[in-house]
Amino acid sequence: MREFSLLNDRIQGVRWGQGKPVLALHGLLDNAMSFQPLAQHLTQIELWAIDLPGHGRSAALPGQGGWSLPDWLPLLGDILDELNWAQFDVLGHSLGGILSQLLATLDTRIARLWSLDALGPIVDDDDGNLDRLQRLYEARKKPKSKRRHYPTPDALWQARAQGRFPLSEASARVLTRRGVGLGEGGWFFNYDRRLRQETQWRLTESQVLALLKRIRCPLHLALFDDSPLAKQEALVLRQQAVAQLHLSRFAGGHHAHMETPEPIARWLESTL
């Protein structure tokens, strides 16, 4: 494992292996280490995994409110500029998959996508967006929730293992090694607190379909059988919207690439 940094140290990352360079973007509240189990089974890929802004050891995006998906894209473009590869193959999990799909509609340097448990973002209708705007407006003067502290590092990984998407002890430990800090109150998860705020605005389903239609590079989609995404009714229309979609299914939940990485590594390298 080798550390690297980009954009005057604002973005931190780790890379593993030798071979074809692939940029890797992790999921919400994870960090670059979510790709470590997968990297250990890759023989033809040099995996460059960044900590997304506000995660792991990377600086947060500027601003005060919650983030919307378009807010991430200029900085991701800056990352591509600094890496300066002739073309980019991008592996994304969850949020990272969604961001890479958005970026592929804008940047012709992206030649191929692998998306793990991600095909377009969560959506809402017009009324839902306006209701969200009302809630955010009314909450602007309420006291901000305080960061939770834990007495020991073990308490952190135990909390992470029991999150919305449960993890094994081994996977929870891998993630928390990079994503924690220590302060006067004890140990804490060091992600940007705004990541837990409501998104200011969500795309509608028709907008997502229009977005997916603009992806011209091959998109290799891995769906995990026990993940909520695999059961979404809208997924069929989304798959049909992508011109060059290649679908594969794997056993496991939302973090199958961490829990059972070997078959996913074989699938990745079989598509090179």
Side-chain angles (χ1 to χ4, degrees), residues 20 22-28 30 34-35 38 42 45 47 52 68-70 72-73 76 80 87-126 128-129 164-165 199 201-272:
K20 186 172 184 59
V22 171
L23 181 64
L25 309 180
H26 61 77
L28 183 66
D30 292 346
S34 71
F35 294 104
L38 188 63
L42 296 172
I45 288 175
L47 201 61
L52 286 171
S68 295
L69 287 172
W72 303 71
L73 299 178
L76 291 175
L80 301 191
Q87 62 181 27
F88 289 85
D89 292 341
V90 186
L91 167 65
H93 170 243
S94 194
L95 172 64
I98 295 166
L99 290 172
S100 67
Q101 291 158 16
L102 283 166
L103 196 59
T105 69
L106 305 174
D107 200 312
T108 58
R109 291 173 294 179
I110 296 181
R112 174 168 35 197
L113 297 174
W114 292 279
S115 294
L116 308 178
D117 215 35
L119 187 61
I122 297 172
V123 299
D124 210 338
D125 57 22
D126 292 339
N129 274 320
R164 179 186 176 193
F165 299 112
T199 304
W201 201 265
R202 289 179 177 171
L203 298 176
T204 64
E205 186 63 28
S206 62
Q207 290 171 332
V208 169
L209 293 175
L211 179 154
L212 294 173
K213 288 177 181 177
R214 292 194 175 204
I215 298 176
R216 294 304 174 197
C217 66
L219 193 166
H220 299 273
L221 173 64
L223 293 181
F224 303 149
D225 290 340
D226 297 331
S227 169
L229 177 65
K231 303 173 178 63
Q232 288 184 9
E233 293 182 4
L235 195 60
V236 174
L237 291 177
R238 292 189 182 193
Q239 291 177 56
Q240 293 172 351
V242 182
Q244 298 187 64
L245 183 87
H246 308 278
L247 174 65
S248 298
R249 290 184 176 271
F250 296 90
H254 188 58
H255 286 85
H257 65 301
M258 295 191 71
E259 307 287 11
T260 53
E262 188 171 0
I264 298 168
R266 291 199 302 266
W267 164 73
L268 273 172
E269 295 195 326
S270 73
T271 62
L272 287 175

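Just so it is clear, the structure is predicted and the values come from calculations on it, not from any experiment. Positions are given from 1, in the same order as the sequence printed here. Because only heavy atoms are used, hydrogens play no part in the values below, and waters and symmetry mates are left out as well, while side chains stay in.
- Applying the salt bridge (Lys or Arg N to Asp or Glu O under 4.0 Å) rule to pairs touching residues 240-260 yields nothing, sequence neighbours excluded.
- Partners of Arg238 by side-chain hydrogen bond (donor to acceptor under 3.5 Å, both in side chains), not counting sequence neighbours, listed by chain and number: Glu205.
- Annotation: side chain of Pro70 is not in contact with side chain of Trp201 (no heavy-atom distance under 4.5 Å).
- Contact of the Ile45 side chain with the Leu272 side chain is registered, since non-hydrogen atoms from C-beta on lie closer than 4.5 Å.
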Distance-only donor-acceptor hits, side chain of residues 239-248, under 3.5 Å, sequence neighbours excluded:
residue	atom	partner	partner atom	Å
Gln244	NE2	Arg216	O	2.6
Ser248	OG	Trp267	NE1	3.1

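- Heavy-atom minimum distance, Phe224 versus Gly253: CD1-O, 3.0 Å.
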- request: Walk me through it: do Cys217 and Leu113 pass the test side-chain contact (heavy atoms from CB on, under 4.5 Å)?
  value: CA-CA 7 Å; Cys217 66; Leu113 297 174; 3.9 Å; yes
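- Here the shortest heavy-atom pairing between Ala118 and Gly97 reads CB-CA, 4.0 Å.
- Looking at residues two or more places apart in sequence or on another chain, you find a side-chain hydrogen bond (donor to acceptor under 3.5 Å, both in side chains) between Ser227 and Asp117.
- Rounding to the nearest 0.5 Å gives a distance of 7.0 Å between CG of Leu69 and CG of Leu95.
- Two residues are said to be in side-chain contact when any heavy atoms from C-beta on lie closer than 4.5 Å; Val123 and Thr204 fail this criterion.
- At least one side-chain heavy atom of Leu76 sits under 4.5 Å from a side-chain heavy atom of Leu52.
- Considering only heavy atoms from C-beta on, Leu38 comes within 4.5 Å of Leu91 through its side chain.
- Between atom CG of residue Leu221 and atom CD of residue Gln101 there is a gap of 7.5 Å, rounded to the nearest 0.5 Å.
- Between the OG atom in Ser206 and the CG atom in Leu211 there is a gap of 11.5 Å [rounded to 0.5 Å].
- The structure places CD of Glu262 at 10.5 Å from CG of Leu42, a figure rounded to the nearest 0.5 Å.
- Take Ser34 and apply the side-chain hydrogen bond (donor to acceptor under 3.5 Å, both in side chains) test, not counting sequence neighbours, and it matches no residue.
- When Leu80, Ile98, Ile215 are each tested for a side-chain contact (heavy atoms from CB on, under 4.5 Å) with Leu103, only one passes: Leu80.
- Within the structure, every pair that satisfies the ring pair (Phe, Tyr, Trp, His ring centres under 6.0 Å) test and touches residues 90-113, not counting sequence neighbours, is listed here: His93-His254, His93-His255, His93-His257.
- The closest side-chain heavy-atom distance from Leu203 to Pro121 is below 4.5 Å.
- You'll find the side chain of Trp114 reaches within 4.5 Å of the side chain of Asp89, heavy atoms only.
- Taken from CD in Gln87 to CG in Asp107, the straight-line distance is 11.5 Å, to the nearest 0.5 Å.
- The shortest side-chain heavy-atom distance between Ser115 and Leu219 falls under the 4.5 Å cut-off.
- Side-chain N or O atoms of Arg112 include one that pairs as donor or acceptor with a backbone N or O of Thr271 at under 3.5 Å.
- Note that the CG atom of Asp124 and the CD atom of Gln207 stand 11.0 Å from one another [nearest 0.5 Å].
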